[in-house]
Amino acid sequence: MFNRFAAALHHAVEALAPQQTLLEDFNFHWKSITHYFINNKDDKKPVQESNIPSHLENMLALLTQEENQMEDNQTGPCMEHLLQHKILETLHTLGKADCPPGMKQVVLIFFTNLIGKIKQPLLPHINVYKPVHGLLKVCGNVRAAPTEREEMQFLLLVCAKLRQDPYLVNFFLELPKPTLKSKEPVSLSSSSSGNQPEFSLVDSLLNLAQSPDTRIAVKACEGLMLVASLPEKLAAQCITEYTQFCTLLAERLCTLYNALPLSMDPVDVDSVEAKWGLDVYSDAEDQNMFPGKRQLISLLSWFDYCDQIAQNAHPIVAKALAMSMKERFLVPIIEPLILQTSEVGILTSTAHLVKFLQMTTSIDLLEVFVYFILGRGTEQEVPGMTDHKLRQRLIARCDHLSDEIIIMSLKLFETLLKKPHEHIINNLVLRNLQTRVYIDRTALPPPPADNEGARTDDNNVDDIGVNDENEVHTNQVDENQTVDIQQVENETVDDDHIENQADDGSLVENQADDSSHFTCRRSSR
């Protein structure tokens with residue numbers, strides 16, 4: 001009864017009192033929060049039993065209402081008060097200490113709603129990105145924490161903001177501070193071992209990617225893909241050199257591959273499709289279940305995720321990830337299995353390698369696979385030459401005693417030849433044809449005009465030889481034509497002489513014979 005009377009009296013006072021401004025209401029709610037910590041000495045009382053969550057919600061509502069009333073690109077008095085009095089710094093300190101219990105969750109929700117709902121850019125402000133950066137460091141520190149969901153939403157929102165404005169990522173890179181003696185600009189290569197750069201956003205996402213909660217892990221992987229695809233070179237170098245990004249992705253691929261059974265049917269391996277994300281399936285719904293299928297799906301899903309990162313990430317990140325997969329997965333795990341003598345193991349490992357090749361779409365990852373299988377040799381092969389052991393072994397298995405191994409080896413080379421990489425054709429085919437006459441050199445494009453006098457390559461030498469032969473033939477034809485013209489002129493003179501001496505019978509007879517002889521020669525020509 002008394003509570004109802006107090007509530008009614010409070011509403012009556014609010015109705016009779018003059019209406020306060022938004023800034024006054026904002027200050028009232030913030031002072032209520034600070035007075036709670038001053039007057040309350042019980043640190044074990046949960047924050048849900050206090051009015052702190054409701055006061056923070058009212059502060060956020062006032063900031064949103066103020067922004068709707070202001071014109072574009074203008075900061076209202078409530079937002080200025082928030083930034084000038086470092087309210088976010090105070091909230092970050094309370095959330096980091098989680099005092100009272102549950103304060104971390106409340107602060108994460110407030111930061112997420114503030115950055116997400118306020119339209120004007122807040123992260124460039126020093127009093128915003130510093131507490132945000134500090135809050136990033138406390139995310140993912142405790143595995144399976146009760147605040148994982150709020151931490152993941154906060155991290156994804158920051159990733160989305162960085163995706164919109166990539167230059168903002170430089171605010172979240174902790175680079176070594178330059179010393180007083182050195183005035184050179186700070187770079188990653190100049191950092192010492194005791195003062196290394198840090199990228200807290202990536203470290204927190206990597207911790208949450210290992211969460212036992214599948215939904216949290218998938219969301220963390222999405223955040224990692226967003227960060228890896230940022231166009232900032234400094235951020236890419238920091239990811240590859242000073243975080244465990246490439247290492248953890250490659251090691252997880254090794255862990256999933258080691259969980260597979262030792263023998264699997266190649267037909268079953270080829271029938272499985274990668275299911276990246278939160279696809280739910282059960283044994284009852286799957287009619288083609290076989291031992292190791294769930295483990296194989298997890299492996300192929302993670303491989304597809306790594307391939308997508310290598311395809312969409314910054315070139316520095318893509319190359320580093322591809323090399324890490326080669327050094328930690330292909331060379332120490334796949335290569336010994338391919339080179340083993342057990343026919344069952346050969347068949348299973350080759351089927352896995354074919355499946356990986358079929359799924360690869362990244363240029364950098366495809367290049368790693370190509371050089372891993374074929375080597376880097378491009379010179380002409382000679383009998384007894386062993387430039388790359390794995391390549392020679394796979395080629396030899398195309399004539400194996402086992403038909404299944406022959407088919408799988410041929411399928412591997414068929415898959416390789418379908419991939420758009422120049423080294424595949426050069427290594428398997430063209431390296432043995434370069435010194436032969438199978439190549440039509442006349443179909444090659446003509447050399448540049450300014451280098452016609454100094455051509456030294458084989459094609460140009462051939463062209464010079466052909467031109468010389470054409471010139472000699474032309475000279476011979478001109479000489480023959482000159483001789484024929486002289487003979488015709490002599491014949492014409494002889495004919496005139498025959499007509500002038502037509503009275504002499506014997507002479508006419510002889511000249512007629514000569515004339516008929518020359519006429520026959522002209523007609524024959």
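A side-chain donor-acceptor contact under 3.5 Å links D307 to the backbone of S362. At least one donor-acceptor pair closer than 3.5 Å links the side chain of W302 to the backbone N or O of L249. Proximity of a side-chain donor or acceptor of K355 to a complementary backbone N or O of D270 within less than 3.5 Å is detected. Q340 places no side-chain N or O within donor-acceptor distance of the main-chain N or O of P336, the cut-off being under 3.5 Å. When atom types are taken as modelled, the side chain of Y305 and the backbone of C221 share a donor-acceptor pair closer than 3.5 angstrom.
Applying the ring-ring contact (aromatic ring centres under 6.0 Å, His included) criterion to Y129, with sequence neighbours excluded, gives F171. Scored by the side-chain contact (heavy atoms from CB on, under 4.5 Å) test, I405 finds E343, I346, L347, R397, H400, S402, S409 as partners (sequence neighbours excluded). The side chain to side chain donor-acceptor pair (under 3.5 Å) check on H314 picks up nothing, with sequence neighbours excluded. Applying the side chain to side chain donor-acceptor pair (under 3.5 Å) criterion to E148, with sequence neighbours excluded, gives S211. H133 meets the ring-ring contact (aromatic ring centres under 6.0 Å, His included) test with F172; sequence neighbours excluded. Residues passing the side-chain contact (heavy atoms from CB on, under 4.5 Å) test with E327, sequence neighbours excluded: M323. For L262, there are no side-chain contact (heavy atoms from CB on, under 4.5 Å) partners, not counting sequence neighbours. Considering only residues two or more places apart in sequence or on other chains, T147 meets the side chain to side chain donor-acceptor pair (under 3.5 Å) condition with E151. For S200, the side chain to side chain donor-acceptor pair (under 3.5 Å) partners two or more places apart in sequence, or in a different chain, are E174. Q392 pairs by the side-chain contact (heavy atoms from CB on, under 4.5 Å) definition with E381, D387, not counting sequence neighbours.
Rounded to the nearest 0.5 angstrom, L136 CG and L201 CG are separated by 5.5 Å.
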All N/O donor-acceptor pairs, side-chain side in residues 153-166, below 3.5 Å, sequence neighbours left out:
residue : atom : partner : partner atom : Å
R163    : NH1  : S229    : O            : 3.2
R163    : NH1  : S229    : OG           : 2.8

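Salt bridge D213/R143: absent, no basic N to carboxylate O contact under 4.0 Å.
Screening residues 253-268 for side chain to side chain donor-acceptor pair (under 3.5 Å), with sequence neighbours left out, gives Y257-H352.
Under the 6.0 Å cut-off for aromatic ring centres, F356 and F372 do not qualify, their centroids lying 6.0 Å or more apart.
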